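Starting from 1, each residue takes its place in the sequence as its number. Here the structure is a predicted model, which is why all the values come from computation and not from measurement.
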Amino acid sequence: ACQQGSIIYTHYEHVNNDGWERNDTIHFIIPPIKEAGTYSQQLMLRTNNELPFLGISVIVEQDIYPMQRKLRKRVDCTLVEKNGHIKGNGISCYQYKFNIDSITLNEGDSLHMYVMHYMKQENLPGVSDVGILITK
């Protein structure tokens, strides 16, 4: 219950059942922040057994308004340990959280976040949902 109070934003977007295409950018619009401070950002993924990789790379871009500041970060998501142990929670569907960055925001700042996969394969099967979690 204590952690619930620190969540500023949490939301998942569903990925097309046919796979996550490289040009399928997932958008998140975070409303204006009520309190200035430093916020932790996490990328959340839900996958299933169709994912053919031990890890994936994702690009997270952010536009911060009203300052018109842009940020871009590559997040390398290790899904399976070297010993074969799956790092996510679940049985046939797995849920993961990966740190993006901490960000300092002013009162009234809002974010537009864009997430896209950064893999050589055009279509990435096995990712069912992509989410963003922001906490104070």
Side-chain angles (χ1 to χ4, degrees):
C2 294
Q3 184 183 10
Q4 289 289 340
S6 67
I7 294 176
I8 304 304
Y9 180 84
T10 182
H11 181 75
Y12 278 96
E13 286 290 331
H14 186 67
V15 175
N16 188 327
N17 289 336
D18 295 333
W20 188 8
E21 294 286 338
R22 186 180 310 193
N23 61 355
D24 288 343
T25 302
I26 300 170
H27 300 265
F28 299 91
I29 299 176
I30 294 88
I33 302 297
K34 294 181 179 168
E35 183 181 335
T38 301
Y39 295 86
S40 174
Q41 300 174 310
Q42 291 184 309
L43 172 72
M44 302 183 296
L45 295 176
R46 291 181 183 148
T47 67
N48 58 46
N49 290 326
E50 294 178 28
L51 187 64
F53 300 106
L54 302 176
I56 63 172
S57 292
V58 174
I59 299 293
V60 178
E61 292 184 353
Q62 302 178 59
D63 293 330
I64 304 170
Y65 296 100
M67 295 174 47
Q68 303 268 340
R69 190 169 45 146
K70 288 187 174 288
L71 303 172
R72 179 180 169 112
K73 172 124 185 196
R74 177 177 159 173
V75 180
D76 292 318
C77 307
T78 303
L79 307 174
V80 180
E81 295 175 357
K82 290 181 182 179
N83 64 6
H85 182 263
I86 295 173
K87 294 178 82 172
N89 297 320
I91 296 174
S92 62
C93 294
Y94 307 98
Q95 188 162 310
Y96 303 87
K97 287 183 186 174
F98 300 96
N99 290 327
I100 300 171
D101 253 337
S102 292
I103 186 170
T104 301
L105 298 170
N106 298 315
E107 180 181 342
D109 283 353
S110 64
L111 296 169
H112 294 190
M113 298 180 77
Y114 313 94
V115 181
M116 62 219 81
H117 80 76
Y118 191 66
M119 302 291 286
K120 289 182 180 179
Q121 185 169 318
E122 281 292 322
N123 186 318
L124 186 61
V127 177
S128 59
D129 299 280
V130 176
I132 295 293
L133 173 65
I134 300 176
T135 55
K136 181 145 169 96

Handout entry: Path from L54 to L124 over hydrophobic side-chain contacts below 4.5 Å
Key = yes

Practice task
Could you pull out all residues at least two apart from T78 that satisfy side chain to side chain contact (heavy atoms under 4.5 Å, CB included)?
Solution key: K87

Exercise for the section: Sorted by first residue and then second, give each ring pair (Phe, Tyr, Trp, His ring centres under 6.0 Å) pair with at least one member in residues 41-91; sequence neighbours left out. Expected result: Y65-H112

Practice task
Sorted by first residue and then second, give each salt bridge (charged side-chain N to carboxylate O under 4.0 Å, His left out) pair with at least one member in residues 7-23; sequence neighbours left out.
Solution key: R22-E122

Handout entry: salt bridge (charged side-chain N to carboxylate O under 4.0 Å, His left out) pairs, two or more places apart, involving residues 61-70
Key = E61-R72, D63-K70

Fill in the blank from the handout: Sorted by chain and residue number, the salt bridge (Lys or Arg N to Asp or Glu O under 4.0 Å) partners of K136 (sequence neighbours excluded) come out as E35

Handout entry: All ring pair (Phe, Tyr, Trp, His ring centres under 6.0 Å) counterparts of Y96, not counting sequence neighbours
Key = F98

Exercise for the section: Go through the structure and list residues passing side chain to side chain donor-acceptor pair (under 3.5 Å) with E50, not counting sequence neighbours. Expected result: none

Problem - Donor-acceptor pair, side chain of S6 and main chain of T135, under 3.5 angstrom - result: no

Handout entry: Note, V127 side chain near H117 side chain (heavy atom, < 4.5 Å)
Key = no

Problem - Set of residues satisfying side chain to side chain contact (heavy atoms under 4.5 Å, CB included) with respect to T38, sequence neighbours excluded - result: S102, T104

Exercise for the section: Each residue besides Y114 in its hydrophobic cluster should be listed here, by chain and number; the cluster joins Ile, Leu, Val, Met, Phe, Trp and Tyr at side-chain heavy-atom distances under 4.5 Å. Expected result: I59, M116, Y118

Handout entry: Reference residue V60; test side chain to side chain contact (heavy atoms under 4.5 Å, CB included); the match among I26, I100, L71
Key = I100

Problem - Residue list, side chain to side chain contact (heavy atoms under 4.5 Å, CB included) with N99, at least two apart or on another chain - result: Q42

Handout entry: Sequence-distant partners of D76, salt bridge (Lys or Arg N to Asp or Glu O under 4.0 Å), two or more places apart
Key = R74

Exercise for the section: Identify the residue among N48, V80, N49 that makes a side chain to side chain contact (heavy atoms under 4.5 Å, CB included) with Y94. Expected result: N49

